[in-house]
Amino acid sequence: MSLPDIDLSAVPAHVACVMDGNGRWAERRGLPRTAGHEAGLDALFDAVDGALEIGVQWLTVYAFSTENWSRPRSEVRFLLEFNRSILGARRDEMHRRGVRLRFVGGRDRRLARGLLKEMDTAAELTAANRRLTLTVAFNYGGRAEITEAVRRIVAAGIQPGEITEDTVGSHLFTPDMPDPDLFIRTSGEYRLSNFLLWQVAYSEMVFLDVLWPDFSRRHLFEAVAEYQRRERRFGGVDQ
Ligand code: FPP
């Protein structure tokens, strides 16, 4: 795979992806929506390989949102079970590649104990890896994360006058995670959908017209090239 437009010295450290369009991809082929999620998994692993190839250090993907519980029960059940089986099947491969797996989201009663255990096992096994941190947002919602941070701040007895942006940031689910430099959403939709609301404040947004199962590292490289063409000023002006 050639990397025509990418400056390897300026690759975004953290890329966040909303993997959207699995259902439509399947419906267009007359397949059940779950077939779209299965195809989406290959796209995810190709994106991981691409991220490793160009030196992205953090990749965060939206695998199941707090809103996804309202999908048909059979699809919800499939997604939960699918995630569990993927972890068992792909964990060692990720470990061999130097990928640290992490999970971010609510650990509520709707998640089977077996799934939580698979997540914990994968996270523990890969905890020392540093080549790439793949954070899977599962049962995740940005507002829920900020709400939980507020609860933690209050519970810690921190006084209103002492609360800064850093205080909020350090009470999020993953305080050590740098903010995403690049946010990618597939499927031609232009929404954040409650993903990493606090963290994407200054991310460059790239919206692609491809459905997630058709996504590959080539699209990741195109998004990175687009990111590199933009000027990042973080609210300032060029001097
Ligand atoms: C959005 O497409 C995608 C999802 C809700 C699930 C994403 C999950 C995967 C790609 C599987 C990877 C699994 C893990 C554990 C990382 P959609 O169903 O909303 O598509 P639509 O908008 O076309 O209906």
Side-chain angles (χ1 to χ4, degrees), residues 15-52 58-95 97 99-107 110-112 114-123 125-126 132-142 174 183-196 207-217 219-220:
V15 177
C17 278
V18 176
M19 310 184 285
D20 194 17
N22 293 347
R24 275 165 285 166
W25 182 93
E27 279 157 16
R28 283 180 197 174
R29 285 164 176 74
L31 298 168
R33 293 174 53 81
T34 50
H37 300 314
E38 279 168 343
L41 185 65
D42 292 335
L44 172 60
F45 285 111
D46 202 57
V48 169
D49 282 343
L52 288 166
W58 299 77
L59 180 66
T60 303
V61 297
Y62 212 176
F64 191 86
S65 76
T66 46
E67 289 71 36
N68 287 155
W69 292 106
S70 62
R71 295 192 171 204
R73 275 181 66 174
S74 58
E75 187 175 345
V76 169
R77 208 172 316 129
F78 173 87
L79 281 169
L80 300 180
E81 190 44 50
F82 186 48
N83 286 323
R84 171 161 45 179
S85 66
I86 296 160
L87 285 173
R90 309 295 278 263
R91 181 185 61 211
D92 293 344
E93 185 187 333
M94 290 291 111
H95 186 43
R97 291 178 196 209
V99 175
R100 171 169 58 160
L101 281 165
R102 297 215 296 198
F103 300 88
V104 60
R107 294 172 71 98
R110 290 172 294 185
L111 299 176
L115 172 60
L116 293 172
K117 193 156 174 283
E118 283 291 356
M119 289 176 171
D120 291 342
T121 307
L125 173 75
T126 61
L132 171 71
T133 298
L134 173 61
T135 306
V136 179
F138 200 88
N139 192 24
Y140 174 86
T174 48
F183 168 98
I184 300 172
R185 182 175 187 139
T186 55
S187 93
E189 304 283 348
Y190 302 90
R191 283 188 300 280
L192 286 180
S193 295
N194 205 14
F195 191 39
L196 302 176
F207 297 94
L208 300 174
D209 227 343
V210 62
L211 299 174
W212 179 259
D214 291 326
F215 187 90
S216 68
R217 73 186 78 185
H219 298 96
L220 173 69

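Please read all numbers here as calculations on a predicted model, not as lab measurements. Note that ligands are numbered from 1 as they come in the structure, with each ligand's atoms numbered from 1 the same way. Scope of the values below: all heavy atoms of this structure, side chains included, with no hydrogens, waters or symmetry mates.
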Trp212 to ligand 1: N or O pair under 3.5 Å?
-> no
So, Glu27 and Arg24, do they make that salt bridge, N to O below 4.0 Å?
-> no
For ligand 1, indicate whether the residue Arg33 contacts it via side chain, backbone, both or neither (heavy-atom separation under 4.0 Å).
-> side chain
With no hydrogens and no angle check, do the side chains of Thr121 and Arg91 hold a donor and an acceptor under 3.5 Å apart?
-> no
Shortest protein heavy-atom distance from atom 3 (C) of ligand 1, along with the residue and atom involved | Met19 O, 3.1 Å
In short, Val48 meets Leu132 closest at the heavy-atom pair CG1-CD2, 3.9 Å
Which is it for Asn68 and ligand 1 at heavy atoms under 4.0 Å: side chain, backbone, both or neither?
-> side chain
Examine distances only and state if a side-chain atom of Trp212 and a backbone atom of Gly40 form a donor-acceptor pair shorter than 3.5 Å.
-> yes
Which atoms of ligand 1 sit under 4.0 Å from any heavy atom of Arg24?
-> 21 (P), 22 (O), 23 (O)
Please state which part of Arg71 comes within less than 4.0 Å of ligand 1, counting heavy atoms only: side chain, backbone, both or neither.
-> side chain
What is the distance from atom CD of Glu75 to atom CG of Leu80, rounded to the nearest 0.5 Å?
-> 10.5 Å
Proximity to ligand 1 by part of Ile86, non-hydrogen separation under 4.0 Å | side chain
Closest to atom 7 (C) of ligand 1 among protein heavy atoms sits Asn22 ND2, 3.6 Å
Quick one: look up the protein heavy atom nearest atom 12 (C) of ligand 1 and list residue, atom name and how far away it is.
-> Leu41 CD1, 3.9 Å
Partner of Phe64 under ring pair (Phe, Tyr, Trp, His ring centres under 6.0 Å), picked from Tyr140, Phe103, Phe138, Phe195, is Phe138
When rounded to the nearest 0.5 angstrom, what distance separates CG in Leu208 from CG in Asp20?
-> 11.5 Å
Identity and separation of the nearest protein heavy atom to atom 20 (O) of ligand 1 = Gly23 N, 3.0 Å
Give the residue and atom name of whichever protein heavy atom lies nearest to atom 13 (C) of ligand 1, and the separation in Å to one decimal.
-> Asn83 OD1, 3.1 Å
Find the distance between CG (Leu101) and CG (Asp120) and round it off to the nearest 0.5 Å.
-> 12.0 Å
N/O to N/O below 3.5 Å, does that happen between Trp25 and ligand 1?
-> no
Side chains of Phe82 and Thr34: closer than 4.5 Å at any heavy-atom pair?
-> no
Would you say Tyr62 and ligand 1 have an N/O pair spaced under 3.5 Å apart?
-> no
Under a heavy-atom criterion of less than 4.0 Å, does Ser187 contact ligand 1?
-> no
How close does the nearest protein non-hydrogen atom get to atom 6 (C) of ligand 1, and which residue and atom is it?
-> Ala63 O, 3.4 Å
Exercise: identify the closest heavy-atom pair between Phe215 and Ala43 = O-CB, 3.3 Å
Which residue supplies the protein heavy atom nearest to atom 16 (C) of ligand 1, what is that atom called, and how far is it?
-> Leu44 CD2, 3.3 Å
